[in-house]
Amino acid sequence: MSGSTASDKELIGTGLKKRTEEALANDFLRKAVAFTTDKLKTGKLKASDDFGHWEDWRERGKQIRKHVVDNLDYYLTQFTDNVSKAGGHVHFCQTGDEAVKTFLRIAEERRAKLVAKGKSMVSEEIHLNHHLEERGIEAIETDLGEYILQLAKETPSHLIIPAIHKNKQQIADIFSEEAGESFVPETKILAGYAKQRLRSYFLEADIGLTGCNFGVAESGAITLVSNEGNGRMVSTLPKCHVVIMGMERLVPTYDDLEVVLNLLARSATGQKLTTYTSMITGPRREGELDGPEELHLIVLDNGRSAQLGDPVFQEVLHCIRCAACLNVCPVYRHVGGHTYGSVYSGPIGAVLTPLLQQDMKEAGQLAYASSLCGACYEACPVKIPLHDMLVQLRARKVKLGLTPLAERAAFKTFQTTFGNVTLYRLATKSAYYAMKPFVSKGFITKAPGPGAGWTQSRYLPMKPKRSFRDRWEALQKELKQTRQAEQQEGGHRHV
Ligand code: SF4
């Protein structure tokens, strides 16, 4: 087993072009993604404006996350010690494999047959459902979006709105097939069906599984935020609650939690606060009426610690998974999340995936799925410079010699030509004649060879016959001659 399967790795880079073409040809998908991301983006702008001093809050958020990640060993020890003191069991797992094995051991020791899951991107990252299914353990997603996708046998295409690419009719079709009766595409009816179906799972599940939005180091509290309340059901009704968290998802204190929760809710959905915020500190204590009998915390590394100390990429661990960078990204908005071929999509996914998988060859291709416009940085509530990181990932790919031979040869030629004045002049002069056979009305509309992709969606303007340098030199010459003529004329007059 591995955190990311071999086939995922093959697909990420190799299939990127094909998936992009398919997504671009899918009008419905593009409109659905653009519609929802527009709404989220507008909501976020309004919420941050209403809040006031947004840039100060962003800076505070950045400093909190930086401080935690700079001192991760200290805060992770403090947090997990406090979880243990509160009666929880802590399991450190270095890889996705280890986390899966740990979860399976917990499940098998309890003869678990049914796992009710709250939303957890980390469980998606390690493909937990697939491994549970192999062992004959049923896992049910209880987040509405995740439940829809589970029935549709799809993966999430957005960090916080997993089924962003589906409309009501499609959801009604999925539910109708599942229920064996026909549903009209109305939110109330569809949500009602899901509620009634999921209720029995909450009550019957042997294990409740959740992620962790933030662990509070000073108390060991596991903080969950959701808008559906399923997190509360999953973490309180089953006898055993298992939490899977990425090792970096910590804040030192409740005061810091207040800052990041404010940033998260506003950046993610434009809300002041997410509808349900739960803080879980240990399993049920004596005399308490509800809560699980056991609490297990799986702390996952899976490539995260490899970024610690890296002057460029450590900052990626500051991410609070709000998805604001997806909502503003012109690439994500056109192609949706599945195109990335990874659980994490959009700008954060394009950076995080190759780093976590430590795979520059396949997953590193995602660094090119960006226009480098920097909108992601502007939107990020903790100021992660994703656009700079994407450039650095591209540089890393080049340094490792992982770019195609033709591309390397092209850049070598470019470097030689632009480093030599004579060659440069020769090249710029001959470019006009090289382009001429492909020009129509001043533009190349269908370039040959590697240029073909470029002209698929835009025209390449024809290079003028005379370069700026030629024209400048001619102008200088002309001016010189005029001045000389004027001087001579002035001289004659004087005589
Ligand atoms: S990189 Fe920033 S904007 Fe993107 S998900 Fe993470 S915190 Fe949100």
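FYI, side chains are in, hydrogens and waters are out, and symmetry mates aren't considered; it's all heavy atoms of this structure. In listed order, ligands and their atoms are each counted from 1.
- With 3.5 Å as the limit, one finds a donor-acceptor pair spanning the side chains of Asn262 and Arg266.
- Comment: Asp310 engages Arg396 in a salt bridge, judged by a side-chain N to carboxylate O separation of less than 4.0 angstrom.
- Note that Arg30 lies outside the cation-pi zone of Tyr332, set by a 6.0 Å cut-off to the ring centre and a 45° limit from the axis.
- Looking at Leu386 against ligand 1, only its side chain comes within 4.0 Å, counting heavy atoms.
- At a threshold of 4.5 Å between non-hydrogen side-chain atoms, the residues Glu294 and Val242 do not count as touching.
- For atom 7 (S) of ligand 1, the closest non-hydrogen atom on the protein side is Ile320 N, 3.4 Å.
- With respect to atom 2 (Fe) of ligand 1, the closest heavy atom belonging to the protein is Cys380 SG, 2.4 Å.
- Distance from atom 5 (S) of ligand 1 to its nearest protein heavy atom, with residue and atom name: Ala323 N, 3.3 Å.
- Taking backbone and side chain together, Cys319 holds an N, O or S atom under 2.8 Å from atom 6 (Fe) of ligand 1.
- Arg249 forms a cation-pi arrangement with Phe214, by the criterion of a distance under 6.0 Å to the ring centre and an angle within 45° of the ring axis.
- Side-chain contact between Cys329 and Pro347: present, with at least one pair of heavy atoms (C-beta onward) separated by less than 4.5 Å.
- Contacts with ligand 1 closer than 4.0 Å are made by no heavy atom of Cys376, backbone or side chain.
- Side-chain polar atoms of Asn302 and Glu125 form a donor-acceptor pair below 3.5 angstrom.
- Ranking protein heavy atoms by distance to atom 8 (Fe) of ligand 1, first place goes to Cys322 SG, 2.4 Å.
- The protein heavy-atom contact nearest to atom 4 (Fe) of ligand 1 is Cys325 SG, 2.3 Å.
- Residue contact annotation: Pro381 has a non-hydrogen atom under 4.0 Å from ligand 1.
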